[in-house]
Amino acid sequence: MVEMSKEILFSRVAIQKRVKEIASQISKDYAGRELVVIGILKGAFIFMADLVREISVPCRIDFARLASYGTGSESSGKVVMTKDIETSIKDRDILIVEDIVDTGLTLQYLVDWLKERNPRSLKTCVFLDKRKRRKISFEANYVGFTIDDGFVVGYGLDFNEQFRFSPDIYIINTN
Ligand code: XMP
Ligand code: MG
C-alpha cells in the first residue's frame, strides 16, 4: 500500500469563482457565435461540465480521448488517440477543454489533429497549467491557475483512477 499525504491546493469555492471568470471571458470573446467545445477524457469532464453551464453562447459538446500516462504519475511521452470526436468541425469555432497542461504534448497533438479539418478558429482552455514542465512551447488561450510542479488530484484529475470525484483540488505526495 502506497503511503500518501494530500494537501488542499484549490478549494471548491476558489475553483467555482475562477470557472465563472473564465466563462465570462469566453462568453465575451465569442459573443454572437456558436462554439463546439471538445473535452479531453477523462480528466476534463468535471471542469467542462461546470464551464459550459456558465458560458452564455450556445455550445455543442464533444469529447476526444487521448492517453499519455499509463499508471502513476510519470508520462510515457507518447500520445495516442483512443477516441476521436464525432462532430464535423469544418468552419466552426472550436474550444478544446483540458484539465491540465504539463509537457504540452497531449494538447499539441489534438490541436494539430483538429486543424487538419479546417475549423474556423481553434482555441484551448485548461484549468491548470504546469508551465515549467513544458517539453515543447505551448500556450493555452485560457488558463484557470498556473501551478508549480507536483502531482495534483481532484476536480476530474486522478492518481491511478482515485480522487477524480473530489470537488477540491489537492496536491499529493507519494512516498
Ligand atoms: P501533457 O504532459 O501531455 O499532459 O501536457 C497532460 C496530461 O497529463 C496528465 N497530468 C496529470 N494528471 N495530475 C493528474 O491527475 C497531475 O498533476 C498531472 N499532470 C499531468 C493529465 O492527464 C493531462 O491530461
Ligand atoms: Mg487528462
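Counting starts at 1 for both ligands and their atoms, following the listed order.
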Check this for me - ligand 1, [X], N or O atoms closer than 3.5 angstrom, yes or no?
X	value
Phe159	no
Lys130	yes
Leu157	no

Identify, by atom number and element, the atoms of ligand 1 in contact range of [X], meaning under 4.0 Å from any of its heavy atoms.
X	value
Thr103	1 (P), 2 (O), 3 (O), 5 (O)
Gly150	17 (O)
Asp99	23 (C), 24 (O)

Q. Are any of the heavy atoms in Gly104 under 4.0 Å away from ligand 1?
A. yes
Q | Residue selection (non-hydrogen contact nearest atom 11 (C) of ligand 1) among Ile100, Ile171, Thr106, Leu9 | A |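 Nearest option to atom 11 (C) of ligand 1, by heavy atoms: Ile100.
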Q: Measure from the side-chain N and O atoms of Asn141 to the backbone N and O of Cys125, and report whether any donor-acceptor pair falls under 3.5 Å.
A: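 No, Asn141 side chain to Cys125 backbone: no donor-acceptor pair under 3.5 Å.
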Q) Salt bridge or not for Asp149 and Arg133, using N-O below 4.0 Å? A)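 Arg133 and Asp149: salt-bridged.
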Quick one: pull up [atom1] in [X] and [atom2] in [Y] and give me the separation to the nearest 0.5 Å.
X	Y	atom1	atom2	result
Ile55	Ile26	CD1	CD1	4.5 Å
Asp91	Arg120	CG	CZ	9.0 Å
Asp84	Phe63	CG	CZ	14.0 Å

Q: Measure Glu98 to ligand 1 on non-hydrogen atoms and call it side chain, backbone, both or neither using the 4.0 Å cut-off.
A: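 For Glu98, the contact with ligand 1 is made by the side chain alone.
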Q: Answer side chain, backbone, both or neither: which part of Leu66 comes under 4.0 Å from ligand 1, heavy atoms only.
A: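 None of Leu66 does.
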Q. What is the ring orientation for Phe127 with Phe47, classed by angle as parallel under 30°, tilted 30 to 60°, or perpendicular over 60°?
A. tilted
Q) Excluding sequence neighbours, so at least two apart, what forms salt bridge (charged side-chain N to carboxylate O under 4.0 Å, His left out) with Glu139? A)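 Once residues adjacent in sequence are excluded, the partners of Glu139 under the salt bridge (charged side-chain N to carboxylate O under 4.0 Å, His left out) criterion are Arg131.
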